[in-house]
Structure formats: structure tokens, C-alpha cells
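Atoms within each ligand, like the ligands themselves, are counted from 1 in listed order. By convention here, the first residue in the shown sequence is residue 1. Everything quoted here is computed from the prediction, not taken from an experiment.
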Amino acid sequence: MTSLLPFQRIGVIGAGTMGHGIAQVSAQAGYQVRLYDTTEAAVNAGLARIDDNLKKGVAKGKGTEADRAATLGRLQPSLSLKAVAEGADLLIEAIPERLDLKQALFAELGQHAPEGCIFATNTSSISIAAIASAAPDASRVLGLHFFNPVFIMKLLEIVHHDGTSDAVRAAALAYGASIDKDCIQVRDLPGFATSRLGVCLGMEAIRMVADGVASAEDIDKAMVLGYRHPIGPLRLTDLVGLDVRLNIGEYLARELGNPAFEPPALMREMVARGELGQKSGQGFYRWG
Ligand code: NAD
């Protein structure tokens, strides 16, 4: 199987919500994966989540015990960035959403990665070109934007900045196909394709709640039943986290100069009260 893959060795940096999922789907596809985090506890928690996902898959008949063992056998935890970078064909970062952290990481990885290694970022909103400026060769940098939970969500948004080479874009498409994702190709503009549409809809839905147009449930139902969305914009905002979306909205309003992305007063009040959605137990819905 491995010989059909576009390359062999992948390093995933950050073993949290996204990183563990990216490592999982890569190992399931046959890649040798090194998974890095800053502490043993964090990297082990990532591995435990992968094992848990795989066990649930076996219980549902979506794989065998042998598949699970083989996938785990291809995953190596690491606390050394040098070890993760050395010999890697593709490095994917899923560390916190801060430009300074991502730039520092790519600069350090660049000291150890072999020539030709592709540097990918899972950023949801930061400029790929800005992150790429810290890497040894910006033509080998692009965005691989996965969605949560990674092993379920089919979309992979491949984001190229003006300097990303055609060969790197082609390799990213081949990687996406090898892990069974549906890929879209998007230019490095704020919000890419996903957040630019999704956050705009979410902000307008919140303004509609504030205006008393309808209840949150009925606004969501309007989109689910009237427009065939699988989930309403307010429930989705609860799942993502109101605080996370507020930050993205502020960023997009500023970068695109479009007030449609400006977080409404109701959203700011809810965040100030700690009503962050699913993770806090209360958002537009009550959770747990
Ligand atoms: P997370 O907080 O769950 O995981 C981040 C991990 O990075 C943690 O395990 C942490 O220990 C580790 N880390 C922190 N600083 C580090 C450093 N300097 N070097 C290496 N590791 C470090 O975050 P997440 O939700 O997985 O998000 C990661 C990235 O993915 C962000 O850029 C985020 O915007 C993006 N993203 C998130 C989602 C989502 O739904 N959560 C979806 C798409 C993209």
C-alpha cells in the first residue's frame, strides 16, 4: 500500500483536537507518522484519542483489530522537533492559532527538515504567505485546512499562496486523495472559502436572534429544512465556540473591510458571560 502513496513519512506537530485526527487519518492511509507535542502528557493524550477512535471504528465494523494494530504501529510519539523533521516528506502543523508561534515553529523545523520537504499549516484564518515567510523555502509551504472531527469530515481545503509551487500543490492534492478527502483549491485570501461564507452566515443569524426575527431553533430550522444545510448556523456556532468565532469575525471584518463579519453585540455579551457554546454548556442552546 505504502508504495502507492505520494510520499512516505509525515510529521504532525500538535497532538490536540486537530493534530491527533490528522495523524490518525495519515497513519490509517499507510503513512509512517511522527506525532509531536510539547509534553509527554499531551502527546499521549493525542495517541489515546486516536486509539479510542479506532476502537469505536472496530466496534462499528468500520475496520478490524488488525487494521487498528497496523495503524497504531505506524504512529510514533515524539517530544523532539528535530526527530519529527528529519526524514519527513510532509510536515503538518496544528498548534495554536498564533502567527508568532507558527512562524517560530516553521523556522525551527526548517533547520532539520530535508530539502524538498513540504510544510503545511492547518491554520483556520492566518495568512499562509505570512507563515511561509519564516520557512526556509516559501514555495514549499501551503495550507492543509482540515475540519473537526478529522476522521469524519470529508473536506480538505488546500490553500496556496502566490509563491506555492505547482509541484507542491499537486503533491498536496495526491495526499488529500490518499487519505480519502474531497479537496478544494483556494487562494490565500482571508477566510479562505469556508470561513468566509460560514462565518458571514453565522454573524447574520446572531443579528436575527437579536432583532427577534425568530428563535434560535427556528432560524436553524429555516436553513436545515429550507436550504438543506446539515446543521443550522447557530448550532454550528455553538459547536465551534462563540469565542473562537468572535475572533475570526473580528479578523475578517478588519482584513476584508466588510462589516458583515463584525461580531454583533449579542455575541460579545454572551462571550463576556462565558456562554461559549457546547464547551461551556450554554450558547444559543443548552448542552450536556
Ligand atoms: P488544540 O489546542 O486542541 O491543540 C494544539 C496543540 O498544540 C496542543 O496539544 C498543545 O499542547 C500544542 N502546542 C501548543 N504550543 C505548541 C508549540 N509551540 N509547539 C508545538 N505544539 C504546541 O488546538 P486545535 O483546535 O487542534 O487547533 C490547532 C490549529 O488548527 C489552529 O491553528 C486552529 O485554528 C486550527 N483548526 C482548528 C479547528 C477546530 O475545529 N478545532 C478546525 C480547523 C483548524
Side-chain angles (χ1 to χ4, degrees), residues 11-26 34-50 53 77-85 88 91-112 119-128 130-132 134 141-159 176 181 183-184 186 188 190-199 202 231 235-252 276-279 283:
V12 178
I13 301 96
T17 306
M18 299 306 291
H20 89 272
I22 296 166
Q24 176 185 336
V25 297
S26 299
R34 284 217 162 107
L35 178 60
Y36 170 92
D37 210 302
T38 49
T39 64
E40 204 167 339
V43 83
N44 285 341
L47 283 177
R49 288 171 86 173
I50 294 173
N53 294 339
S78 180
L79 294 175
S80 158
L81 277 181
K82 182 170 181 282
V84 170
L91 291 165
I92 307 174
E93 73 77 16
I95 70 169
E97 188 74 345
R98 273 180 45 192
L99 176 61
D100 59 336
L101 289 184
K102 291 181 191 290
Q103 285 181 328
L105 176 68
F106 275 13
E108 180 159 4
L109 289 171
Q111 291 174 20
H112 308 291
F119 288 56
T121 168
N122 187 46
T123 179
S124 333
S125 59
I126 298 172
S127 153
I128 308 298
I131 298 172
V141 180
L142 84 178
L144 288 180
H145 186 200
F146 290 84
F147 293 80
N148 183 28
V150 176
F151 70 104
I152 291 176
M153 300 293 279
K154 282 291 278 185
L155 181 64
L156 178 60
E157 189 172 36
I158 299 179
V159 188
K181 298 296 178 205
C183 299
I184 58 172
V186 181
D188 181 24
F192 312 138
T194 46
S195 303
R196 187 156 170 180
L197 278 178
V199 172
I231 182 172
R235 185 175 288 277
L236 184 59
T237 301
D238 268 12
L239 290 179
V240 174
L242 272 75
D243 51 338
V244 174
R245 278 215 150 174
L246 189 146
N247 285 334
I248 299 174
E250 281 180 339
Y251 172 81
L252 292 179
L276 307 181
Q278 185 187 34
K279 63 187 167 190

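Near Lys102, meaning under 4.0 Å from any of its heavy atoms, are these atoms of ligand 1: 31 (C), 32 (O). Taking a cut-off of under 4.0 Å to the non-hydrogen atoms of His145, the atoms of ligand 1 that pass are 43 (C), 44 (C). The distance from ligand 1 to the heavy atoms of Tyr36 drops below 4.0 Å at these ligand atoms: 20 (C). Close approach of ligand 1 to Phe146 (heavy-atom distance below 4.0 Å) involves ligand atoms 42 (C), 43 (C).
Heavy-atom minimum distance, Phe146 versus Met18: O-CE, 3.3 Å. Nearest heavy-atom pair, Tyr251 versus Pro190, reported as atom, atom and distance to 0.1 Å: CE2-CB, 4.4 Å. Ala23 approaches Leu35 most closely through the heavy-atom pair CB-CD1, 4.0 Å. The two atoms that bring Glu97 and Lys102 nearest to each other are OE1-CE, 3.5 Å, heavy atoms only. Listed here is the closest heavy atom pair of Ala193 and Val186: N-CG1, 3.6 Å. The heavy-atom pair separating Thr123 from Glu93 by the smallest distance is N-OE2, 4.2 Å.
Checking Arg245 against Thr237 by side-chain atom types alone, a donor-acceptor pair falls below 3.5 Å.
Looking at Asn148 against ligand 1, only its side chain comes within 4.0 Å, counting heavy atoms. Using a 4.0 Å cut-off between heavy atoms, Thr17 contacts ligand 1 through both its backbone and its side chain.
In terms of protein heavy atoms, atom 15 (N) of ligand 1 is closest to Pro96 CD, 3.5 Å. Counting protein heavy atoms only, atom 4 (O) of ligand 1 is closest to Gly16 CA, 3.4 Å. Counting protein heavy atoms only, atom 39 (C) of ligand 1 is closest to Met18 SD, 3.6 Å. The nearest heavy-atom contact from the protein to atom 30 (O) of ligand 1 is Asn122 ND2, 3.0 Å. If you check which protein heavy atom lies closest to atom 5 (C) of ligand 1, you get Ala94 O, 3.6 Å. Atom 10 (C) of ligand 1 has as its closest protein heavy atom Asp37 OD1, 3.5 Å. Of the protein's heavy atoms, Ile95 CG2, 3.7 Å lies nearest to atom 22 (C) of ligand 1.
In this structure a side-chain-to-backbone donor-acceptor pair under 3.5 Å is present from Glu157 to Thr194. Of the possible polar contacts, none joining the Lys82 side chain to the Glu108 backbone as a donor-acceptor pair under 3.5 Å is found. No donor-acceptor pair under 3.5 Å is formed between the side chain of Arg34 and the backbone N or O of Ser78.
Nearest residue to atom 33 (C) of ligand 1 from Gly21, Ser124, Ala45, Gly241 is Ser124 (criterion: closest heavy atom). With Ile22, Ile13, Thr38 as candidates, the residue nearest to atom 17 (C) of ligand 1 on a non-hydrogen basis is Thr38.
Checking only distances, Glu97 does come within under 3.5 Å of ligand 1, N or O to N or O.
A distance of 9.5 Å separates CZ of Arg235 from CD of Gln278, quoted to the nearest 0.5 Å.
By the definition of a contact as any protein heavy atom under 4.0 Å away, atom 2 (O) of ligand 1 is not in contact.
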